[in-house]
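Every number for a ligand or one of its atoms is a count from 1 in the order of the listing.
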Amino acid sequence: MTAIAPSGCHQSNMRIAIVGAGMGGVLMAIKLKEAGFEDFVILEKGESVGGTWRENTYPGLHCDFPSHFYSYSFFQNPNWSHRFSPGPEIRAYLESAAHVFGVHDAIRFNSRVVDGRWENDAWTITLESGETMVSDILITATGYLHVSNFPDIPGLDSFAGAKFHTAQWDHSVTLADKRIGIIGTGSTATQLVAELAGKVAKLTVFQRTPQWVAQQDNPAYTDAQKAAFAADPSMLAKMYEDEKAEMVTLADGAILGGNPDARAYLEANVRDNLARVKDPVLSAKLTPNYAPGCKRIVISPRFYEAIQDPGCELVTERIAGVEPGGVRTDAGALHELDVLVIATGFDTQAYFRPLRLTGAEGHRIEDIWRERPVAFRTMTVPHMPNFFMVEGPFSPIGNVCAFLTAELQVAHIVKLISIAAEQGVALAPREDATAALLATYRDAARKTIWATGGCVSWYQDSEGVPTLYPFPNQTFEAEMTADPNLAEYVVTPRHAQVTP
Ligand code: NAP
């Protein structure tokens with residue numbers, strides 16, 4: 001990272017820093033390498049590859065997207081154990097991709113980036129250790145599910161037993177003999193409930209808002225199927241395309257509403273699934289009062305079966321506070337617990353923060369994003385030259401698999417970086433172009449079910465507007481595959497720099 005970036009330089013001379021060695025960061029490195037960039041580093045705060053799949057290790061963790069689609073399109077795995085595979089398999093898959101495509105050696109682990117400052121036509125990057133480095137390009141691939149959200153519940157810290165967020169699971173705590181409380185009923189909590197019900201002394205689930213839960217079987221692949229996938233890569237390619245078509249049809253049709261049949265299928269699925277709850281009182285407690293798809297649909301083959309387990313209790317009274325012995329609700333009851341699991345999700349509006357960024361002329365990200373996160377085409381920010389985000393604000397994450405989104409974004413980012421390299425310039429999106437495009441995104445987002453469906457969710461910003469791409473996948477593909485229009489960017493020549 002001490003190489004030179006003269007203006008008009010070749011790809012190989014560009015110094016590039018990627019923040020995060022999860023799905024997006026590994027992909028970014030692979031595609032930069034393929035495009036001829038050689039001087040890149042991935043700065044990773046943790047000790048291994050995997051991002052959210054490294055941090056989340058809770059019991060029952062698995063992916064609720066089909067595995068052959070929840071993959072890089074160019075790196076298919078014949079050995080997925082299930083249609084929806086467990087988290088450790090996904091983490092191992094990402095690790096393997098980093099090795100197979102020769103980018104693992106470019107990862108610096110235990111290197112948390114805390115600050116980035118655009119000065120002298122380059123980014124000065126500061127790590128938590130105090131070390132600094134200079135890079136021509138800065139890319140964040142930090143995901144949007146990495147800053148744990150802790151509920152503001154009185155007395156939370158007073159709990160006397162073991163207490164942890166699902167993303168920081170404490171595996172030293174034995175569970176079988178314990179009374180366990182789970183706060184939250186999102187995708188994470190439902191996977192946990194499905195795994196733990198019937199296996200612990202007692203499971204108490206504190207639900208603030210019911211979720212719509214879709215039923216999906218999760219069959220294991222047989223050894224014969226895996227051998228057939230390995231022997232014939234075209235089978236894997238077909239699996240990817242079939243699963244992609246299925247998911248995109250469902251997302252565009254049922255969630256964005258373009259296809260009444262897909263919508264009817266989704267509605268029937270979640271209502272039929274709920275009908276498996278036999279006790280009318282429990283069923284009423286579990287019935288949402290908002291449209292399916294407003295919040296992210298929970299997909300679980302076992303949640304309703306698990307919540308009906310005699311050792312499982314669903315508590316819907318508001319939590320008044322946490323005490324050393326357990327959780328007390330408004331109704332006055334104390335639910336005595338040995339372990340309290342915080343399954344309250346993530347600060348999804350944080351994106352790469354708490355990393356601080358200061359761009360051209362001292363513009364700071366906390367000022368630019370004071371009202372809400374702002375991004376141009378989901379990837380760049382005004383006044384932040386040669387700065388790019390994978391899975392930035394308004395990415396399609398409520399409708400399309402994160403791998404597909406990232407592949408499209410990364411291809412576009414590589415085009416922009418190539419222009420910056422070839423022309424010896426720094427690129428930042430124009431403020432007016434960004435405002436105009438964001439106005440179209442936000443207007444459309446206000447009309448999606450994520451805003452009109454009658455719920456509050458992590459998709460929404462502080463004004464209740466979903467920070468998600470509001471158009472069909474095809475439109476996103478067209479936006480990402482189009483050549484960048486430099487009229488939409490502030491293009492600044494960079495001065496030649498000299499090797500120290
Ligand atoms: P989440 O969907 O944001 O759910 C958080 C839960 O905590 C909700 O039930 C929420 O209730 C509750 N909650 C939050 N603050 C609370 C408070 N102060 N008091 C009581 N309850 C509170 O978080 P998540 O389940 O971790 O899932 C986040 C996302 O991660 C998912 O939507 C998904 O994208 C991803 N994920 C994916 C998989 C996968 O298989 N691919 C698995 C797990 C997670 P309200 O509904 O009332 O806000």
Can K178 and T174 be counted as having a side-chain donor-acceptor contact under 3.5 angstrom?
yes
Look at atom 30 (O) of ligand 1 and say which protein heavy atom is nearest, naming residue and atom and giving the distance to 0.1 Å.
L145 CD1, 3.4 Å
Quick one: does ligand 1 sit under 4.0 Å from the side chain of T190, the backbone, both or neither, non-hydrogen atoms only?
neither
Can the ring centres of F352 and W369 be said to be less than 6.0 Å apart?
yes
Note: ligand 1 atoms sitting under 4.0 Å from heavy atoms of H62 are 39 (C), 40 (O)
The atoms of ligand 1 lying under 4.0 Å from a heavy atom of I183, numbered in the order shown, are 20 (C), 21 (N)
To which protein heavy atom is atom 19 (N) of ligand 1 closest, and what is the distance rounded to 0.1 Å?
R208 NH1, 3.8 Å
Taking 4.0 angstrom as the limit and counting only heavy atoms of T185, give me the atoms of ligand 1 inside it, by number and element.
6 (C), 8 (C), 9 (O)
Top protein contact for atom 47 (O) of ligand 1, by heavy-atom distance:
T209 OG1, 2.4 Å
Report the member of W458, Y459, F150 with the shortest heavy-atom distance to atom 1 (P) of ligand 1.
W458
Test item, Y58 contacting ligand 1 (heavy atom, 4.0 angstrom)
yes
Quick one, T166 and I342 - any side-chain contact, counting heavy atoms below 4.5 Å?
no
In terms of residue, atom name and distance, what is the protein heavy atom nearest to atom 36 (N) of ligand 1?
S187 CB, 4.1 Å
Just wondering, more than 12 heavy atoms not from E463 lying within 6.0 Å of its CD?
yes
Numbered atoms and elements of ligand 1 in range of K295, under 4.0 angstrom, heavy atoms
45 (P), 46 (O), 48 (O)
Shortest protein contact, atom 4 (O) of ligand 1 (heavy atom only)
G186 CA, 3.6 Å
Under 4.0 Å, heavy-atom basis, I'd like to know which part of F346 is in contact with ligand 1: side chain, backbone, both or neither.
side chain
Looking only at protein heavy atoms, which one is nearest to atom 18 (N) of ligand 1, and what is the separation?
P151 CB, 3.3 Å
With the threshold set at 4.0 Å, does a side-chain nitrogen-carboxylate oxygen contact exist between E366 and R356?
no
What is the nearest protein non-hydrogen atom to atom 23 (O) of ligand 1, stated with its residue, atom name and distance?
G345 CA, 3.2 Å
Parallel, tilted or perpendicular: rings of H171 and W169 (30°, 60°)
tilted
Between T344, L192, T188, flag the one that comes closest to atom 44 (C) of ligand 1 by a heavy atom.
T188
I'd like to know whether the aromatic ring centres of F346 and H146 sit less than 6.0 Å apart in this structure.
no
Backbone or side-chain N or O of D64 under 3.5 Å from ligand 1 N or O
yes
Which bit of A343 gets closer than 4.0 Å to ligand 1, counting heavy atoms only: side chain, backbone, both or neither?
backbone
Test item: side-chain donor near acceptor, E44 and S111, under 3.5 Å:
no
Mind telling me whether W80 and Y93 have parallel, tilted or perpendicular rings, with 30° and 60° as the class edges?
tilted
Tell me whether S158 contacts the main-chain N or O of G155 through its side chain, where contact means a donor paired with an acceptor under 3.5 Å.
yes
Please report whether the ring centroid of H412 lies less than 6.0 Å from that of F388.
no
So, do Y469 and Y441 have ring centers that fall under 6.0 Å from each other?
yes
Check: Q168 and Y58 side chains under 4.5 Å, non-hydrogen atoms:
no
Considering both backbone and side-chain atoms of R296, is one of its nitrogen or oxygen atoms within less than 3.5 Å of a nitrogen or oxygen in ligand 1?
yes
Ligand 1 atoms nearer than 4.0 angstrom to some heavy atom of G184 are 6 (C), 7 (O), 9 (O), 12 (C)
Where the closest heavy atom to atom 42 (C) of ligand 1 is concerned, which of Q207, Q191, R318 has it?
Q191
So for I319, does at least one of its heavy atoms come nearer than 4.0 angstrom to any atom of ligand 1?
no
